[in-house]
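Heads up, the thing below is written out as structure tokens.
Every value quoted in this text rests on a predicted model; they were computed, and no experiment measured them.
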Amino acid sequence: CFAPDGTIHSNVAILIEDGKIKDVLRSEGYEEIENVVRHRHAVISPGFVDINSALGAYGKARESAFAVDPGVSASAALDLEHPDFRRAVEAGITTALISPSPDNLVSGTAMVVKTARGPITILREARPLVVSLGPRTWEYDRALTSRIGAMAMLRGVLSEAKDGRG
């Protein structure tokens, strides 16, 4: 068991109540507790966070007609019943940032969801704005054709937004 200070402890028990860690006990402190599940040589970690995901929105969070489309939202493409959420939880992913496809210079807004057991919970919707400068942004037949062009277009978009025109 890793402690917050980075030290490793062995022969410990983790007391879980209502699906959350309530306490970490030394091995001799849990004999009187009911419903003990022993996992010899187990590694236990907190839930993982997927910081760039398309869970429940594969292929749907994409707009290729415009190089800049901040109005696209990952939430519009999200299927909260998609089996990928169950698979993510089984893999230890408890939180995910669902992002629109990075095929555009400005692809739209991402959202944060809690995937832990039970219904999927939207923690933050329509944030942050997804901006990409990679070669995928200029693969389509549209105005954006190079990284230099992407930077010039991004400067213009940000300037318009700063001035309240975008």
Side-chain angles (χ1 to χ4, degrees), residues 1-2 4 14-22 24 37 39 42-166:
C1 176
F2 282 99
I14 299 173
L15 179 60
I16 298 175
E17 195 171 281
D18 295 325
K20 296 189 179 193
I21 296 175
K22 183 175 182 185
V24 177
V37 178
H39 293 284
V43 175
I44 298 173
S45 70
F48 296 108
V49 177
D50 185 345
I51 60 168
N52 186 18
S53 180
L55 285 173
Y58 289 109
K60 298 180 201 169
R62 180 178 187 182
E63 168 56 60
S64 61
F66 304 103
V68 175
D69 196 350
V72 173
S73 172
S75 64
L78 191 66
D79 175 5
L80 295 176
E81 303 298 321
H82 199 282
D84 284 345
F85 286 111
R86 179 184 47 77
R87 289 191 282 269
V89 170
E90 290 169 356
I93 297 169
T94 59
T95 307
L97 177 72
I98 313 295
S99 300
S101 173
D103 293 342
N104 298 333
L105 178 63
V106 177
S107 298
T109 55
M111 63 184 300
V112 180
V113 296
K114 190 76 171 163
T115 61
R117 301 201 191 283
I120 306 304
T121 306
I122 297 172
L123 300 178
R124 295 236 173 179
E125 193 170 346
R127 306 180 187 169
L129 189 62
V130 177
V131 176
S132 296
L133 292 171
R136 289 174 58 186
T137 62
W138 58 80
E139 285 183 358
Y140 298 101
D141 186 18
R142 59 180 183 204
L144 198 55
T145 58
S146 67
R147 183 164 290 149
I148 293 171
M151 289 303 298
M153 186 179 280
L154 183 58
R155 280 189 204 98
V157 167
L158 294 175
S159 178
E160 287 177 12
K162 182 179 176 185
D163 295 342
R165 297 178 283 128

Rounded distance [0.5 Å steps], CD1 in Ile98 versus CG in Asp50: 7.0 Å
Side-chain contact test, heavy atoms from C-beta onward, threshold under 4.5 Å: evaluate it for Val49 versus Ile93 and give yes or no. no
CG of Leu80 to OG1 of Thr115, rounded to nearest 0.5 Å, is 11.5 Å
CE (Met153) and CG (Leu133) are apart, to the nearest 0.5 Å, by 12.0 Å
Evaluate whether atom CD1 of Ile51 has more than 12 neighbouring non-hydrogen atoms of other residues, nucleotides or ligands under 6.0 angstrom away. no
Closest contact, heavy atoms only, Asn52 versus Ser99: OD1-OG, 3.6 Å
With sequence neighbours left out, what residues match Glu17 under side-chain hydrogen bond (donor to acceptor under 3.5 Å, both in side chains)? Lys22
Donor-acceptor pair, side chain of Ser53 and main chain of Leu55, under 3.5 angstrom: yes
Polar side-chain atom of Ser107 near backbone of Ser101 as donor-acceptor pair, under 3.5 Å: yes
Hey, are the side chains of Pro70 and Leu129 touching, using non-hydrogen atoms and a 4.5 Å cut-off? yes
When you compare the side chain of Val72 with that of Thr109, does any pair of heavy atoms fall below 4.5 Å? no
Test applied, side chain to side chain contact (heavy atoms under 4.5 Å, CB included); reference residue, Val113; option that passes from Leu78, Leu97, Thr94: Leu78
Can you list the residues that meet the side-chain hydrogen bond (donor to acceptor under 3.5 Å, both in side chains) rule with Thr95, with sequence neighbours excluded? Lys114
pair Val68-Asn104: side-chain heavy atoms closer than 4.5 Å: no
For the atom pair NE2 (His82) and CD1 (Ile120), what is the distance rounded to the nearest 0.5 Å? 11.5 Å
